[in-house]
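When reading the values below, keep in mind they use all heavy atoms of this one structure, side chains included, and skip hydrogens, waters and symmetry mates.
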Amino acid sequence: MGKSSERPGTTGGGAADGMALAAAVRSVLARVDAHAARGRATGAGTSTGATAGTDTGDGPAADDGSSAGVPSTAAATTTPGTAVEPAPAASAAPAAPNGASVATLDALTTCFGLSSFEREIILLAAAAELDPTTNARCAAAAGDPTRAYPTLSLALAALAEPHWSALTPVAPLRRWRLVELEDETRLTTTRLRLDERILHFLVGTPYLDARLHGLLRRTTPPAALPPSYDAAADRVSAGWSGAGPDSPLRVELVGADLRTRADIAATAARRSGLGLYSMAADDVPTDPAERDRLARLWQREAILLPAALLIEVGELDRDQHAAADAFIAGAAVPLVVSSPDPRRTEHPGANASPSPNSPTRNTSPSGPTPSPKSPR
């Protein structure tokens, strides 16, 4: 994550961004309305044919499980692992007026690698919170008044360029918990909700996810640093901001005192266009599942804010050391490990000495030594 002049959650468009988001929501709801209209038209055609005495076969039509007058949806006929056919071009919803884009939605799409279908799912879930007509329109499209809410089944049937892979737990929507399923045992038919943090991000109100409160604390940079420490901050920032896949996202600050290391990290973060949050290494969960949830939640926050993380390493027991080591090794966003002495780790290469030409090497003998860790 490189330097950014504007945080994705604090766009400067104001009212224009709000209007663009409202237009994008209306565009997706127009697709839902078009799907409902197709269902009514098919139902009316079937009813007319039966009244006119049209021969429909030797016996009654087989019950496909759908409501009367509503055709079975793409979700009902999709075989997992195959692409769902997109809606006909004639039913495509209109684009936002004047080609307006939603900066926060664009940021989500880019940062989390969303497909156009996943992007529209985000808008459909947001519509339930932003447009009071959404529930009734979903019920009409489903042909069932009890299903007055967005579902993945409706998304597959009504939205453009649908694909089944978007529903998997490893795809961006569920991996990063951008959306939530009310009942995960009913994948396509349960209520689909937008994660609250993502909703607020979309409307331009960023904040640290409440689930991280009490665990992380904001760390602000000092007004100035001594020259040797300022140079160290420059090198850390240069490592984060450099382009290319070999840019180091993880550095280790060793020596001096805890406050000084935090000041260097916060200054480096500011110069990279990032905020900085700090946590103690002994707060990393030792349970692997809990640790994975924390890692995903933080990585999502690091992208949304955007921000870097400072891990403060002190005296740790064996289990806590292993937990912190695993958390640090898995970091895929800017991270600083702060410790009085170089860490001992079981992960190969984590304690490699910096080369003389390393962009994060501090040549001052009196200052902390930031060393590059695990390239991206």
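Side-chain contact between L309 and V333 is absent, with no heavy atoms from C-beta onward closer than 4.5 Å. Using a 4.5 Å cut-off on side-chain heavy atoms (C-beta onward), T151 and R147 make contact. In this structure, the side chains of Y277 and L212 stay at 4.5 Å or more apart for every pair of heavy atoms. Side-chain contact between L114 and L178: present, with at least one pair of heavy atoms (C-beta onward) separated by less than 4.5 Å. A heavy-atom distance below 4.5 Å is found between the side chains of R174 and L187. Between V254 and P340 there is no side-chain heavy-atom pair separated by less than 4.5 Å. Inter-residue side-chain proximity for P285 and L294 is flagged as met; some heavy-atom pair is nearer than 4.5 Å. Using a 4.5 Å cut-off on side-chain heavy atoms (C-beta onward), R119 and L124 make no contact.
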Decide yes or no on side chain to side chain donor-acceptor pair (under 3.5 Å) for S237 and S272, but give the supporting numbers first. CA-CA 6 Å; S237 176; S272 298; 2.9 Å; yes
Does the pair W240 and L274 meet the rule for a side chain to side chain contact (heavy atoms under 4.5 Å, CB included), with working shown? CA-CA 10 Å; W240 284 340; L274 307 172; 4.1 Å; yes
Derivation and outcome, side chain to side chain contact (heavy atoms under 4.5 Å, CB included), residues L310 and V337: CA-CA 6 Å; L310 176 70; V337 181; over 6 Å; no
Hey, mind stepping through E312 and R217 against salt bridge (Lys or Arg N to Asp or Glu O under 4.0 Å) and telling me if it holds? CA-CA 12 Å; E312 299 166 344; R217 61 186 182 281; 2.6 Å; yes
Stepwise side chain to side chain contact (heavy atoms under 4.5 Å, CB included) test for H163 and S115: CA-CA 9 Å; H163 56 95; S115 67; 2.8 Å; yes
Does L225 form a side chain to side chain contact (heavy atoms under 4.5 Å, CB included) with T260? I'd like the steps, not just the answer. CA-CA 9 Å; L225 286 172; T260 297; over 6 Å; no
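Each salt bridge (Lys or Arg N to Asp or Glu O under 4.0 Å) pair with one or both residues in residues 205-216, not counting sequence neighbours, appears once here: D195-R211, D209-R211, D209-R300.
Rounding to the nearest 0.5 Å places CG of L202 at 5.0 Å from OG1 of T104. Here CG of L192 is found 5.0 Å from CG of L152. Values are rounded to the nearest 0.5 Å. Atom CZ of R175 sits about 10.5 Å away from atom OG1 of T168, to the nearest 0.5 Å. Note that CD of E301 is 10.0 Å distant from CD1 of I303, once rounded to the nearest 0.5 Å. The distance from atom CG of L253 to atom CD1 of I264, rounded to the nearest 0.5 Å, is 5.5 Å. H35 contributes atom NE2, which lies 10.5 Å from atom CG of L156 (distance to the nearest 0.5 angstrom).
Geometrically, R291 does not engage F327 in a cation-pi contact, judged by NZ or CZ lying under 6.0 Å from the ring centre and within 45° of the ring axis. Figure legend: cation-pi geometry between R197 and Y207, with NZ or CZ positioned under 6.0 Å from the six-membered ring centre and within 45° of its axis.
Residues D33 and R137 come closest through the heavy atom pair OD2-NH2, 2.6 Å. Scanning all heavy atoms of the two residues, the minimum distance from L249 to A332 falls at CD1-O, 3.4 Å. The two residues T134 and P150 make their nearest non-hydrogen contact at CG2-CG, 4.5 Å. D341 approaches E252 most closely through the heavy-atom pair O-OE2, 4.0 Å. For the residue pair R218 and G275, the shortest heavy atom distance occurs at NH2-CA, 3.8 Å. Pairing each heavy atom of A268 with each of A233, the nearest pair is CB-O, 3.4 Å.
Paired with I122 under the rule side chain to side chain contact (heavy atoms under 4.5 Å, CB included), one option of T109, V28, V179, V102 passes, and it is V179. Here the options are L130, L21, L194, the test is side chain to side chain contact (heavy atoms under 4.5 Å, CB included), and the partner is L123; only L21 passes.
Atom CZ of R177 has 12 or fewer neighbouring heavy atoms from other residues, nucleotides or ligands inside a 6.0 Å radius.
Between W176 and F112, the two ring planes are tilted [angle within 30° to 60°].
Residues forming a side-chain hydrogen bond (donor to acceptor under 3.5 Å, both in side chains) with Q320 (at least two apart in sequence, or on another chain): none.
L181 and Y149 sit in two unconnected hydrophobic clusters of ILVMFWY residues. Membership requires side-chain heavy atoms under 4.5 Å apart, directly or through other members. Cluster annotation: L216 and L297 are assigned to the same hydrophobic cluster (Ile/Leu/Val/Met/Phe/Trp/Tyr, side-chain heavy-atom contacts under 4.5 Å, transitive). Follow the hydrophobic side-chain contacts under 4.5 Å out from L316 and you reach L335 in the same cluster. Linking ILVMFWY side-chain heavy atoms closer than 4.5 Å, directly or via other members, places L215 and L258 in two distinct hydrophobic clusters.
In this structure, the side chain of T42 engages the main chain of R38 through a donor-acceptor pair within 3.5 Å. A donor-acceptor pair under 3.5 Å is formed between the side chain of R250 and the backbone N or O of I328.
Side-chain contact check for T219 and S278: at least one donor-acceptor pair (N or O, by modelled atom type) lies under 3.5 Å. When only modelled atom types and interatomic distance are considered, T190 and E182 share no side-chain donor-acceptor pair under 3.5 Å.
R261 has no carboxylate O lying under 4.0 Å from a charged side-chain N of D257, or vice versa, which leaves the two without a salt bridge. Under the 4.0 Å criterion applied to side-chain N and carboxylate O atoms, D230 and R271 are assigned as salt-bridge partners.
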